[in-house]
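Here is the naming used below: chain letters follow the sequence lines, and residue numbers restart at 1 for every chain.
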2 protein chains.
Amino acid sequence: MNKRRKSEKPVRLSRIQEMNRSRIIEAALGEFSRFGYSGATIDKISAAAGMSKSNLLYYFSSKSDVYEAVLEHILDVWLAPLRTLDPEGDPASELAAYIRQKMRMSAERPEASRLFANEVMQGAPQIRDVLEKDLKNLVTEKSKVIEQWIEAGKIRKIVPVHLIFTIWATTQHYADFDSQIRALTGTGLEDPAFFEEAENAVCSLILNGLGLEWPRKQTTS
Amino acid sequence: MNKRRKSEKPVRLSRIQEMNRSRIIEAALGEFSRFGYSGATIDKISAAAGMSKSNLLYYFSSKSDVYEAVLEHILDVWLAPLRTLDPEGDPASELAAYIRQKMRMSAERPEASRLFANEVMQGAPQIRDVLEKDLKNLVTEKSKVIEQWIEAGKIRKIVPVHLIFTIWATTQHYADFDSQIRALTGTGLEDPAFFEEAENAVCSLILNGLGLEWPRKQTTS
DNA sequence: TGAAGACTTGACCAATCGGTCAAGATGAGA
DNA sequence: TCTCATCTTGACCGATTGGTCAAGTCTTCA
């Protein structure tokens, strides 16, 4: 079970290990996000990864071990956009950029969004620590940025965390509720026209809601 | 298996049947919303309902039968608020009332919200028909209402479905992501102060985003 | 080339799950 | 009180699932 090489070489992974672990994680992301933790089976994950169940269990000691690896693999990239919110930039373009990044992630990695939503909806048993420490620090920090913008009179008054929640909710909604959106509109974020329409709607609503002029890209008049 | 009484008395349920079915549905709602369809077991549902597994299967023929009953039981009440959107009323108070209703439902019935989210995230296999017919008709109808408000110059221009999506996303977020919100803020919608703070933030952001003055309740100046 | 690892697999196991069945307990109407 | 339909349960079954194990195959490197 993943013994280290002799002479204590610490955590170096062979090429085969690296490839197989990433194939497993990719396959597991698909299964976990579609069927939830209980609904996903290591049989189907291993099949989707193109290997036997036994082989998957050679790389990960258990199902929950795979699950944790998938979550960890996703968390960083998932929370990254918020880190880029710059106190020095002007609110309109900073917030618009943040919303656009989140929308792009919903379009490009909807499974990641759904996996995250699934985990949180079940009480976040696996990532509670990350939420209470890393994410909380990050949100506190960025809340202060928003607070400063408010005090400087640059944006309308609002309790910062709720602005953050609103941005998360609206952007992730297009990934998490994709099937509902598709049932209602016949299309989804993978359609460039629909993507732009959604992005414009969310950006304009939130930025105008904050009393900002929204720096629309190709506005001519 | 729920045979009708002799002489074709149609669908009358005995008091015992009615009570037990509702207890089962209530217990099943809790389990399904917490653990998803696969994660919930009829053993635990029946235990939560205070009866044996066999007895549960006397009232419902299968696990999926229970699940369908729970969804049906919830769908009407869940989609009701949107129906109340009145074309004759003024946009600000109509939309504010709608948002408040949705927020109250997120506070009072978060399990219903999570169950619905779970079902949709897994591709809405059970309620696809309802979404594509009833809900689509409803959304189309209410989109026209919003469109008329726009054409009358009462609210800012926006593609109506995205306004509806935004309201759904923001309000349901407080139920679906409750554990994340609790990890970040230390409280949730069951706290009256937090509820009002959230409601104010969502209302003001969306209404201001539409160019509306928001009819705040206890504004004195 | 030839070990000594690393890698891969099918056979197998125990636990859990959804669901059946026969038999007993309870209730309501004559 | 008697009777019959309704209600309730524990014992049981087959299928699936997470996980183990021994044995075989492939890499790597001296």
At less than 3.5 Å, do the side-chain atoms of Lys63(B) and the base atoms of dG19(C) form a donor-acceptor pair?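 Under the 3.5 Å cut-off, the side chain and the base do not form any donor-acceptor pair.
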Assess whether one donor atom and one acceptor atom, taken from the side chain of Ser54(B) and the base of dG10(D), lie less than 3.5 Å apart. yes
If you pin Thr41(A) and Ser61(A) to their nearest nucleotides in DNA chain D, which one's is more 5'? Thr41(A)
Earlier contact from the 5' end, DNA chain D, for Met51(B) and Ser62(A): Met51(B)
For [N], does either OP1 or OP2 sit under 4.0 Å from a side-chain N or O belonging to [X]?
X	N	result
Asn55(B)	dC7(D)	no
Gln17(A)	dC7(C)	yes
Tyr58(A)	dC7(C)	yes

Glu18(A) with Arg23(A): basic N within carboxylate O range, under 4.0 Å: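 Arg23(A) and Glu18(A): not salt-bridged.
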What integer distance in Å separates [X]:[atom1] from [N]:[atom2]?
X	N	atom1	atom2	answer
Phe35(A)	dT17(D)	CZ	C1'	15 Å
Met19(A)	dT27(D)	CE	P	11 Å
Tyr37(B)	dC17(C)	OH	C1'	11 Å
Phe32(B)	dC17(C)	CZ	P	13 Å
Lys53(A)	dA11(C)	NZ	P	12 Å
Asp43(B)	dC12(D)	CG	P	17 Å
Lys44(B)	dC17(C)	NZ	P	8 Å
Leu57(A)	dC7(C)	CG	C1'	14 Å

Just checking, [X] and [Y]: is the charged tip under 6.0 Å from the six-membered ring centre and within 45° of the axis?
X	Y	result
Lys63(B)	Phe32(B)	no
Lys144(B)	Trp149(B)	no
Lys102(B)	Tyr174(B)	no

Are Lys136(A) and Glu141(A) close enough, and set up right, to give a salt bridge (charged side-chain N to carboxylate O under 4.0 Å, His left out), and what steps lead you there? CA-CA 8 Å; Lys136(A) 182 165 186 174; Glu141(A) 175 195 336; over 6 Å; no
Identify each atom pair where a protein N or O and an N or O of nucleotides 22-30 of chain C are less than 3.5 Å apart, giving names and distance.
none

DNA chain C: 5'-proximal contact among Asn20(A) and Ala40(B) (nearest heavy atom):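 Mapping each residue to its closest nucleotide by heavy atoms, the 5'-most match is Asn20(A).
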Pro110(B): what forms a side-chain contact (heavy atoms from CB on, under 4.5 Å) with it, not counting sequence neighbours?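 By the side-chain contact (heavy atoms from CB on, under 4.5 Å) rule, Pro110(B) matches Arg114(B), Ala175(B).
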As a test of reading the structure: which of dT8(D), dG10(C), dC7(C) is closest to the side chain of Ser52(B), going by heavy atoms? dT8(D)
Pairing donors with acceptors under 3.5 angstrom, does anything connect the side chains of Thr187(B) and Thr185(B)? no
